[in-house]
Amino acid sequence: MAGKHFLVLAMRKPGFSDAVVQPHRDFLAELRGQGKLLLTGGFADGTGGAYILAHVDSLEAAKALVARDPLVLQDASTLTVYEWNTH
């Protein structure tokens, strides 16, 4: 699992709607199908979740992918992308 990964933190905004959950899951399934999604999951306290991207060339490319997430497009959550040096 060593290499370049990108950690995406998704924190729900006050107006979060459950209607965005399935489109978000569909988006993640698309990334998984492309081999770009390593892990994903929601936080136990319901405040948001995170996912880990792999096989993405740069932080800029990771941010461009994340910008297509329905959580961003529907302004449901704040998504922050970090380049993560895993080992």
Exercise. Please tell me if the side chains of Met11 and Phe43 come closer than 4.5 Å, counting only heavy atoms from C-beta onward.
Key: yes
Quiz item: From Leu65 CG over to Glu60 CD, what is the distance, rounded to the nearest 0.5 angstrom?
Solution: 12.0 Å
Quiz item: Given side chains that start at C-beta, do those of Asp26 and Glu30 come closer than 4.5 Å, heavy atoms only?
Solution: no
Exercise. May I ask you to decide if the ring planes of Phe27 and Tyr51 are parallel, tilted or perpendicular, using 30° and 60° as cut-offs?
Key: perpendicular
Quiz item: Out of curiosity, His5 NE2 to His55 NE2, how far, rounded to the nearest 0.5 Å?
Solution: 6.5 Å
Quiz prompt | Connected via hydrophobic side-chain network under 4.5 Å: Leu39 and Leu79 | solution = no
Self-check item: Close side-chain approach of Val8 to Asp69, heavy-atom, < 4.5 Å
Solution: no
Quiz item: Which heavy-atom pair separates Thr40 from Leu37 by the least distance, and what is that distance?
Solution: CG2-CD2, 4.1 Å
Practice problem: Please name the pair of heavy atoms, one in Val56 and one in Ala62, separated by the smallest distance, quoted to 0.1 Å. | Solution: CG1-N, 3.5 Å
Self-check item: Check: Ser58 side chain, Ala61 main-chain N or O, donor-acceptor pair, under 3.5 Å
Solution: yes
Quiz prompt | Non-hydrogen atoms of Asp57 and Lys4 that approach each other most closely | solution = O-NZ, 3.4 Å
Self-check item: Inter-residue atom distance Leu9.CG - Thr80.OG1, 0.5 Å rounding
Solution: 6.0 Å
Practice problem: Could you check if a side-chain atom of Leu53 sits within less than 4.5 angstrom of a side-chain atom of Trp84, using non-hydrogen atoms only? | Solution: no
Quiz prompt | Least distance between heavy atoms, Ala50 atom then Leu7 atom | solution = CB-CD1, 4.2 Å
Exercise. Treating Ile, Leu, Val, Met, Phe, Trp and Tyr as nodes and any side-chain heavy-atom pair under 4.5 angstrom as an edge, say whether Leu59 and Val72 lie in one connected cluster.
Key: yes
Practice problem: Of all the heavy-atom pairs spanning Arg12 and Ser77, show the shortest one and how long it is. | Solution: CA-OG, 3.6 Å
Quiz prompt | Distance in Å, Glu83 CD paired with Lys63 NZ, rounded so as to fall on 0.5 Å steps | solution = 10.0 Å
Quiz prompt | Minimal non-hydrogen separation, Pro70 against His24, with atom names | solution = CG-N, 3.8 Å
